[in-house]
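Working notes, beginning with the structure itself.
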Amino acid sequence: MAICGAVAGVAHAAPIKFVFEPAHFLDLYSTDTTQNRADQENPRVLVDARAPAAVAVAGTYNLGLTQPDALNTYENWLQSLGPEEGIWAFNMWVTTAGYPNNAYDGNPSNPWNQEIFRDGSLGNSAAGISATAGAGWNAAVVDIYLDTYGVQWWTDDPAAFLRPGFDPGAFSFTMEDTNAQVGQDYRVWFGSASLVFDDQNWGTLEPAAAPFSSLLDDNNSRWNGIALARATSVPDLGVTALMAAMGMAALAAVRRKLP
């Protein structure tokens, strides 16, 4: 539900907070090999540009590998992650629909079927965006790509790296200009080039492509995926303060009536 307000003569939609669980990045993913990314509920992609050339768990969308090879390789990666291995940073864009090279878009180059967009009243700027993170993690609004802003989450604590079996709790981000409906779940694209893992203790599922090299860098190895985020309302601070004041006044009136 949206309400209208005026700030410096410009009307915007009410802020909406989107709450998601980063633990689901790894623990939940699609296994349907007949659909592409846009049609799968929880598509995931893990890519290394050298060995193997590309690994995916999001169907067979022109990456050169088919299931179950790609799925098994992804599972082997998950099984190999130790206490100080995993994803230590990830981000998401908050952009308008149709923005060039937008990872949210349903265009042929990035068919993730992202479901939420900014309505355009604040452009692709940092205005109206905020975020929270779970214990041990940080969040900041940053320029993700060519003056297009989004949120970066990261941790400096290896014990808090995202990996199977570790749950850092709920994270969130808030957008001021959105048409999302409170109480609904929306597909949100998240991506990371910040991976820490080696090729030791690799999983044993077969058939699978070769393990990733232990010599990794941010330009070649990356993770991308869809997670569901629940839209929730953000309390209006003015209304909250007014209700609190009314409550205090009512309490004071009751006290005056007491003997």
Side-chain angles (χ1 to χ4, degrees), residues 16-32 35-47 54-59 61-63 70 74 86-120 123-126 128-133 137 139-154 162 168 170-175 177-181 184-195 218 221-231:
I16 298 291
K17 177 186 289 186
F18 298 90
V19 181
F20 64 96
E21 299 279 349
H24 291 172
F25 288 178
L26 304 182
D27 294 339
L28 300 177
Y29 53 85
S30 300
T31 58
D32 189 333
Q35 296 177 316
N36 60 29
R37 283 182 286 180
D39 298 321
Q40 292 183 345
E41 182 179 0
N42 295 298
R44 301 284 186 268
V45 178
L46 181 67
V47 176
V55 175
V57 69
Y61 56 99
N62 301 321
L63 280 185
Y74 191 88
I87 296 175
W88 65 268
F90 61 91
N91 64 56
M92 52 83 67
W93 290 357
V94 181
T95 65
T96 57
Y99 189 74
N101 299 316
N102 181 358
Y104 287 2
D105 243 343
N107 64 61
S109 63
N110 284 302
W112 288 97
N113 192 19
Q114 163 72 21
E115 291 182 337
I116 58 173
F117 303 90
R118 307 190 79 174
D119 64 20
N124 290 311
S125 70
I129 308 173
S130 61
T132 67
W137 280 73
V141 178
V142 298
D143 181 351
I144 300 292
Y145 176 76
L146 297 179
D147 296 322
T148 300
Y149 285 80
V151 180
Q152 176 88 41
W153 288 270
W154 77 96
L162 294 180
F171 290 22
S172 73
F173 64 94
T174 299
M175 290 197 299
D177 65 350
T178 176
N179 294 311
Q181 299 297 307
Q184 297 295 312
D185 289 331
Y186 293 90
R187 288 167 62 100
V188 180
W189 174 90
F190 296 91
S192 174
S194 303
L195 309 180
D218 289 350
S221 301
R222 61 188 184 275
W223 175 94
N224 295 275
I226 287 288
L228 295 181
R230 172 63 57 92

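Nearest heavy-atom pair across Val141 and Ala126 is CG1-CB, 3.8 Å. In plain terms, the two heavy atoms of Val151 and Ala139 that are nearest each other are CG1-CB, 4.5 Å. Minimum heavy-atom separation, Ala170 to Val19: CB-CG1, 3.9 Å. For the residue pair Leu26 and Trp223, the shortest heavy atom distance occurs at CD2-NE1, 4.0 Å. Smallest separation of non-hydrogen atoms from Ala231 and Tyr186: CB-CE1, 3.9 Å.
Between Ile16 and Met175, every side-chain heavy-atom pair lies at or beyond the 4.5 Å cut-off. Within the 4.5 Å cutoff, the side chain of Arg187 has heavy atoms near those of the Leu228 side chain. Side chains of Val188 and Gln114 form a contact here, defined as non-hydrogen atoms less than 4.5 Å apart.
Heavy-atom neighbours of Glu41 CD from other residues, nucleotides or ligands within 6.0 Å: at or below the threshold of 12.
Classification of the Phe20-Phe90 ring pair by plane angle, with boundaries at 30° and 60°, yields perpendicular. Aromatic ring orientation, Phe173 versus Phe190: perpendicular (interplanar angle above 60°, classes split at 30° and 60°).
Taking CG of Asn42 as the reference point, atom CD1 of Ile226 lies at 8.5 Å (rounded to 0.5 Å). In this structure, Glu115 CD and Gln184 CD are separated by 9.5 Å, a value rounded to the nearest 0.5 Å. Atom OG of Ser194 is separated from atom CZ of Arg222 by 13.0 Å, given to the nearest 0.5 angstrom. Between the CG atom of Asn124 and the CG atom of Asp147 there is a distance of 9.5 Å, given to the nearest 0.5 Å. Ser172 contributes atom OG, which lies 11.0 Å from atom CD of Glu21 (distance to the nearest 0.5 angstrom). To the nearest 0.5 Å, atoms CG (Asn91) and CD (Gln152) are separated by 5.0 Å.
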After noting the C-alpha distance and the side-chain angles of Phe18 and Ile116, does the key distance pass the side-chain contact (heavy atoms from CB on, under 4.5 Å) rule?
CA-CA 10 Å; Phe18 298 90; Ile116 58 173; 3.9 Å; yes
In sequence, state the C-alpha distance, the side-chain angles, and the governing distance for Trp112 and Val45, and then conclude on side-chain contact (heavy atoms from CB on, under 4.5 Å).
CA-CA 11 Å; Trp112 288 97; Val45 178; 3.6 Å; yes
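Side-chain N or O atoms of Ser192 include one that pairs as donor or acceptor with a backbone N or O of Ala89 at under 3.5 Å.
Applying the ring-ring contact (aromatic ring centres under 6.0 Å, His included) test between Trp137 and each of Trp153, Trp88, Phe171 identifies Phe171 as the sole match.
Arg230 is linked by a side-chain hydrogen bond (donor to acceptor under 3.5 Å, both in side chains) to Asp185, counting only residues two or more places apart in sequence or in another chain.
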